Amino acid sequence: MTAPLTVLLAEDDADLRDALEFALARQGYEVVTAADGDRANLSVLTAVPDLAVVEMMLPGSSGFTVAQLIKERSGGRVPVLMMSGNTTPAHRDYAYASGADLFLPKPFTFTALLDAVRSLDPTLPTPAATIPSRPARFAGAAFASV
């Protein structure tokens, strides 16, 4: 039996964080939660997760900064799902430029979240038609700080 994948869940809304943690745990993921960006960064510095679900606008360090740190610490191998109610093209573009592999606009259904997480899960086969891709203009882009 293999160990479950560790998912870092960084969400400042306590009720949503609890609900997402429950939904992800029911799917067999080990979930590490953070209520703000600083705690999420500390968690990444302690142990890099296998996958991350990060709110864009976190107290303390932003989700952009968390995504950048995850990509730096993992050599780019850890997929990042960024979620936000800020859905303008500029916010989406900056999410991808910061390291997000997939962007999920809020509000979303639990089914949509779980489908997005599964599409990024490196242990699951993903049909080529559903593999998320970053916009080509942001592949490899990095920002020094947010």
Side-chain angles (χ1 to χ4, degrees), residues 3-124 126 130-146:
L5 259 63
T6 301
V7 175
L8 170 62
L9 172 61
E11 169 58 56
D12 58 323
D13 180 290
D15 291 335
L16 181 57
R17 186 177 57 249
D18 290 347
L20 296 178
E21 178 182 15
F22 178 78
L24 290 166
R26 286 200 47 159
Q27 296 299 307
Y29 296 106
E30 179 180 324
V31 184
V32 175
T33 63
D36 61 52
D38 295 336
R39 290 181 190 156
N41 284 337
L42 182 58
S43 177
V44 172
L45 291 172
T46 303
V48 177
D50 298 306
L51 195 147
V53 178
V54 180
E55 162 61 34
M56 180 185 292
M57 305 307 282
L58 292 167
S61 297
S62 71
F64 302 121
T65 304
V66 174
Q68 289 172 341
L69 181 62
I70 290 167
K71 292 300 184 174
E72 289 170 14
R73 297 278 299 175
S74 71
R77 73 166 176 78
V78 172
V80 175
L81 169 62
M82 191 165 295
M83 54 187 178
S84 181
N86 295 322
T87 60
T88 66
H91 283 98
R92 286 177 188 241
D93 288 349
Y94 199 69
Y96 286 117
S98 299
D101 295 286
L102 191 59
F103 181 86
L104 185 63
K106 288 180 176 179
F108 51 78
T109 65
F110 285 110
T111 301
L113 172 84
L114 294 175
D115 286 347
V117 168
R118 281 196 279 290
S119 77
L120 295 174
D121 185 332
T123 66
L124 297 176
T126 305
T130 63
I131 295 175
S133 63
R134 299 171 74 178
R137 66 182 187 263
F138 294 112
F143 290 80
S145 65
V146 177

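The residues of the chain are indexed from 1 along the displayed sequence. Because the structure is a prediction, the values reported are computed rather than measured.
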Measure across [X] and [Y] and return the closest heavy-atom pair with its distance rounded to 0.1 Å.
X    : Y    : result
S119 : L102 : OG-CD2, 3.6 Å
N86  : F103 : O-CZ, 3.4 Å
S84  : M56  : CB-CB, 3.5 Å
V31  : A25  : CG2-N, 3.9 Å
M82  : A67  : CE-CB, 3.8 Å
L51  : P122 : CD1-CD, 4.3 Å

Check whether any side-chain heavy atom of [X] sits under 4.5 Å from a side-chain heavy atom of [Y], and report yes or no.
X   : Y    : answer
P49 : V32  : no
R92 : P105 : yes
E11 : T33  : no
L69 : L45  : yes
V80 : S98  : no

First locate atom [atom1] of [X], then atom [atom2] of [Y], and finally report the distance between them rounded to the nearest 0.5 Å.
X    : Y   : atom1 : atom2 : value
E72  : T65 : CD    : OG1   : 9.5 Å
D101 : Y96 : CG    : OH    : 8.5 Å
D38  : S62 : CG    : OG    : 10.0 Å
E30  : E21 : CD    : CD    : 10.5 Å
L104 : T87 : CG    : OG1   : 11.0 Å
L8   : L81 : CG    : CG    : 11.5 Å

Check ion pair R118-D121 (N to O, under 4.0 angstrom):
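Salt bridge: no.
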In terms of side-chain geometry, is the basic nitrogen of E55 or K106 positioned less than 4.0 Å from the acidic oxygen of its partner?
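Judged by the 4.0 Å cut-off on N to carboxylate O distance, E55 and K106 do form a salt bridge.
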Side-chain donor/acceptor of D36 to backbone N/O of L58, under 3.5 Å
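Judged by distance alone, no pair lies under 3.5 Å.
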Is a side-chain donor or acceptor of R17 paired with a backbone partner of L9 at a separation under 3.5 angstrom?
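The answer is no, because no donor-acceptor pair under 3.5 Å joins these two groups.
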Please state whether the rings of F64 and Y94 are parallel, tilted or perpendicular, taking 30° and 60° as the class boundaries.
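Perpendicular, since the angle between the ring planes exceeds 60°.
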Quick check on side-chain contact (heavy atoms from CB on, under 4.5 Å): which of D50, L120, V117 does P79 satisfy it with?
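Output: one option passes, namely L120.
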Are more than 12 heavy atoms from other residues, nucleotides or ligands located less than 6.0 Å from atom CZ of F108?
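More than 12 heavy atoms, drawn from other residues, nucleotides or ligands, come within 6.0 Å of this atom.
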Verdict with supporting geometry, D12 and R39, salt bridge (Lys or Arg N to Asp or Glu O under 4.0 Å)
CA-CA 11 Å; D12 58 323; R39 290 181 190 156; over 6 Å; no
What's the verdict on side-chain contact (heavy atoms from CB on, under 4.5 Å) for L20 and M83, showing C-alpha distance, side-chain angles and the deciding distance?
CA-CA 12 Å; L20 296 178; M83 54 187 178; 3.9 Å; yes
